[in-house]
Each structure stands twice: as structure tokens, then as C-alpha cells.
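Please read the structure below before turning to the comments.
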Amino acid sequence: MIRWEALDVIGTNEYVGWYEGTPETADITEWRVDYQKPLIMSEFGGGAKAGLHGADTERWTEEYQPISTAINWVC
């Protein structure tokens, strides 16, 4: 069990458009913390299968990866 009151900050990972949704939904994703603690996004974006090429709208391709990462970065 996590003792939230013992934490200084809360960290989480954000992969909007990679594991769920699309990159375009990143700017409308809302994060809510029910504790009076700062929230830090410790990871974001997504990976790609090396050498897999395709449309920039196709998940897991090298073309999709930079779009997903860039959109998560600015949101």
C-alpha cells in the first residue's frame, strides 16, 4: 500500500497516442491528482520497432514515433 502523505511528488508516465488513443488526443487528456502534491511526467512518447516503416499514422513504425513523442512533449 502506498502512503501518499510520505511522498514529496507523484510521478507517472504518459504515452497518449501510443498505448491508447491517438496523438491528437494528448492535448485533451486531463490528469487529476487527489493529493496536494506536484505531478511529474517522468516518461512520455513512445517507441518503435527498429526498421519497421509505414505511414506516419501507423503505430509501432519509425514514422509514427516522432509524431507521438512531439505531441506529448508540447502538451
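Here the structure is a predicted model, which means the values were calculated and not measured.
Cluster membership check: Ile10 shares its hydrophobic cluster with Trp31, using side-chain heavy-atom separations under 4.5 Å among Ile, Leu, Val, Met, Phe, Trp and Tyr.
Looking at residues two or more places apart in sequence or on another chain, you find a side-chain hydrogen bond (donor to acceptor under 3.5 Å, both in side chains) between Glu5 and Arg3. Applying the side-chain hydrogen bond (donor to acceptor under 3.5 Å, both in side chains) rule to Glu58 yields no partners; only residues at least two apart in sequence or on another chain are considered. Among residues two or more places apart in sequence or in another chain, the side-chain hydrogen bond (donor to acceptor under 3.5 Å, both in side chains) test is passed with Asp34 by Arg32.
Contact detail for Gly54 and Thr61: the closest heavy-atom pair is N-CG2, 3.8 Å.
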Kindly list each side-chain donor-acceptor pair under 3.5 angstrom involving residues 40-52, sequence neighbours excluded, with atom names and distances?
unit_1: Ser42; atom_1: OG; unit_2: Thr12; atom_2: O; d: 3.2
unit_1: Ser42; atom_1: OG; unit_2: Asn13; atom_2: OD1; d: 2.8
unit_1: Glu43; atom_1: OE1; unit_2: Tyr15; atom_2: OH; d: 2.1

